[in-house]
Visitor: 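Sharing a structure below in structure tokens format, with a few things to ask.
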Amino acid sequence: MPPPQTTETAADRCRRYRRRILDISQSGVPLHIAPAFSCLELVDAVYHDLMRRSGDGGSPDTFVLSKGHGCLAQYVVLEDLGVLTSEQLDSCGRPGSILGSHPDYGVPGIEASTGSLGHGLGIAAGMALADKVRGDDRRVFVVLSDGELQEGSVWEAMMVAPSLGLSNLVALVDLNDFQSLGRTSETLPNFYPIVDKVASFGWDCRDVNGHDNGAIVEAVRGRTGTAPTMVLGRTVKGKGVSYMENVPIWHYRSPSAEEYQQALRELEAAAEAEAARA
Amino acid sequence: MRDTFARTIYDVAKKTNDVFVLVADISPAGSMGPFRAEYPDRFINVGVAEQTMIGLAAGLALRGFRPFAYTIATFSIYRPFEQVRVDVCYHDLPVTMVGIGGGITYSTLGGTHHAQEDIAVMSGLPNMTVLAPCDPAETAAATWAAARASGPVYLRLGKAGEPDLTAEAPDPFVMGKIRRIRQGRDVCILSFGTITKMACDVAVKIEADSGGSVAVVSVHTLKPLDREGIARVLGEFDTVLVVEEHAPYGGLSAQVGALAYESGARCRLQCFSLQDRFIHAYGSHAYLLDKHGLSVDRITRAALAPAPGRSSVSV
């Protein structure tokens, strides 16, 4: 992966991350590619634009990936930040590796073990509660999936967090409209619309394009600050690679060598088209 | 036990400054008063939301607090089982799940409120320590032990009004070690939790009926089990009884049976546990235990009956 350019936009950066994820996918280890592609801009925005950085590159803020199966998105950002090494990412899922298909607490940069859905919001709320009780100026960011919203434990935490006044808690939901077996909106159609449900629990809830860095950052920065915030990011599962987009099988499948080349060509073409527009 | 826990947690908080108490709409009401008055920010009723209680506890522990998550035993570990397993045990965090009404203490509330397989379920979890004190004094000691533990603890308590059993105990409470609470030479009864009172009554009755001398041991730490201590008991006594308010699988009986075999014990071993069934009965705690086959008379009779043959172990 080439070193980040100072003029690199969030879109450039995320394209670079997608290429890196595709590279890792060629190791032969099955990994969740499409779920990482859908939440990539959300994860990227948290790390690069929303978490505050101290002089040594550390942060008082915390990131928890509640949709743990999207962890390739987190791994590539942590690699970029120098928290994980290239060797660690290259060996992901292989014998002796510290990295698997779900984030594991104790690995550098991983603040909570996730993988089973419906756990991250409660843990993040506990962290935010601790910070509030101690009067520490820390923010806790947590990324969930829309399938995960079907877990009852999420709604317990949704009920409790505003009542505890956890205005230092920011949740971002990867609303890609897919779960393992099909469209989320077709699985439980009466669950929609979501934004009013979240707001009715006392959250500051905003609905944005989840692949638009500017929109994500603006939604979080523009929060009221009096309640926990939930940004619903509308996304496309498998975003950036045509044959993966909205095709359920790519939830848990790695591209063949030929498919890998095609994916790289598509990302390249998208970059060129964007440059031409600019 | 309930009030002792509340008083002890207040003492712990005064000395350690990192205690946090979470309850899920069940609380040792009056006795938590001093703690709540002094640390209002560190007592939270999350509502009837046990999964979030444990999730919050894990998050608090990740930030350096030492949370105690308190409710009726079934709701502190069964409802949020995966949160206990993943959020607490997988992260190896110093969170104590406090289960009030362990076993079938809530004898009028029915099977929904009976934690009769809790030791087996909690002992199966990596990193978990399982404590079941037998009386109020041991509850205080176990609460302190939980407050000093480096990882997760399940603290199984009774309810209220339990008698003192340990004031004259020859051994002190040491986490991870069995504790002789009554001296004897011929028979030894291993027990834990509130049913240890029945074990003590059995000891008195066996002595009265047979003239033998009966020891009682509190196995307050079910995990890690004091295997050496139990093996010593199995080697030292002619007869060893296990009396437990727990399902026959995965509790003390099963583990002592295995230890007896592994250690080549020659004693007679008899185990008395709850039955492997839900009972649809209501009444006093003693009445329900009796329905499960556990009473002083029945255990005494079985213990004094001639051994069937002379196998090394009869379970």
Visitor: What do you reckon, is CZ of Arg206(A) surrounded by more than 12 foreign heavy atoms closer than 6.0 Å?
Guide: yes
Visitor: Are more than 12 heavy atoms from other residues, nucleotides or ligands located less than 6.0 Å from atom OH of Tyr192(A)?
Guide: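 More than 12 heavy atoms, drawn from other residues, nucleotides or ligands, come within 6.0 Å of this atom.
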Visitor: If you draw a 6.0 Å radius around CZ in Arg42(B), do more than 12 non-hydrogen atoms from other residues or ligands fall strictly inside?
Guide: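 Yes - once you tally the heavy atoms of other residues, nucleotides and ligands closer than 6.0 Å, there are more than 12.
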Visitor: If I measure from the heavy atoms of chain B, does Leu164(A) come under 4.5 Å with its side chain, its backbone, both, or neither?
Guide: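 Contact with chain B: side chain only.
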Visitor: Sort Val64(A) into side chain, backbone, both or neither according to what part of it lies under 4.5 angstrom from a heavy atom of chain B.
Guide: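 Contact with chain B is absent: no heavy atom of Val64(A) under 4.5 Å.
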Visitor: To the nearest 0.5 Å, what is the distance between CD on Gln83(B) and CD on Glu156(A)?
Guide: 7.5 Å
Visitor: With side chains defined as the heavy atoms from C-beta onward, is the minimum distance between Arg63(B) and Arg138(A) less than 4.5 Å?
Guide: yes
Visitor: Where do His91(B) and Ser113(A) come nearest, in terms of heavy atoms and distance?
Guide: NE2-N, 2.6 Å
Visitor: Answer yes or no: does atom CG of Leu181(A) have more than 12 heavy-atom neighbours from other residues, nucleotides or ligands under 6.0 Å?
Guide: no
Visitor: Of the backbone (N, CA, C, O) and the side chain (C-beta and beyond), which part of Ala157(A) lies under 4.5 Å from a heavy atom of chain B, both, or neither?
Guide: both
Visitor: Checking Tyr90(B) against Asp104(A): is there a side-chain donor and acceptor pair closer than 3.5 Å?
Guide: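 Tyr90(B) and Asp104(A) do have a side-chain donor-acceptor pair below 3.5 Å.
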Visitor: Of all of Gly106(A), Ala112(A), Gly115(A), Ala128(A), which one pairs up most often with chain B through heavy atoms under 4.5 Å apart?
Guide: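 Between Gly106(A), Ala112(A), Gly115(A), Ala128(A), the count favours Ala112(A).
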Visitor: Is Glu228(B) atom CD crowded by more than 12 heavy atoms from other residues, nucleotides or ligands, each under 6.0 Å away?
Guide: no
Visitor: Do His119(A) side-chain atoms and Val86(B) backbone N/O form a donor-acceptor pair below 3.5 Å?
Guide: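 Pair absent, no side-chain N/O of His119(A) close to backbone of Val86(B).
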Visitor: Name the option with the most non-hydrogen atom pairs under 4.5 Å to chain B; the candidates are Thr62(A), Leu121(A), Ile123(A).
Guide: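 Answer, by heavy-atom pair count under 4.5 Å with chain B: Ile123(A).
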Visitor: At what distance, to the nearest 0.5 angstrom, does OG1 of Thr52(B) lie from CE of Met158(A)?
Guide: 11.0 Å
Visitor: What part of Phe65(B) gets within 4.5 angstrom of chain A, counting heavy atoms only: side chain, backbone, both, or neither?
Guide: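 Both backbone and side chain.
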Visitor: Could you tell me which of Glu111(A), Met159(A), Arg134(A), Lys132(A) has the largest number of non-hydrogen atom pairs under 4.5 Å with chain B?
Guide: Arg134(A)
Visitor: Within a 6.0 Å radius of atom OH on Tyr249(B), are there more than 12 heavy atoms belonging to other residues, nucleotides or ligands?
Guide: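 For Tyr249(B), atom OH is not crowded (no more than 12 foreign heavy atoms under 6.0 Å).
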Visitor: Using non-hydrogen atoms only, which part of Ile44(B) is less than 4.5 Å away from chain A: side chain, backbone, both, or neither?
Guide: side chain
Visitor: Check this for me: Arg223(A), atom CZ, are more than 12 non-hydrogen atoms of other residues, nucleotides or ligands nearer than 6.0 Å?
Guide: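 Check passes, neighbour count above 12.
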Visitor: Under 4.5 Å from any heavy atom of chain A, what part of Leu60(B) do you find: side chain, backbone, both or neither?
Guide: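 Both the backbone and the side chain of Leu60(B) come within 4.5 Å of chain A.
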Visitor: Who wins among Leu62(B), Val46(B), Asp41(B), Asp87(B) for the most heavy-atom pairs under 4.5 Å with chain A?
Guide: Asp87(B)
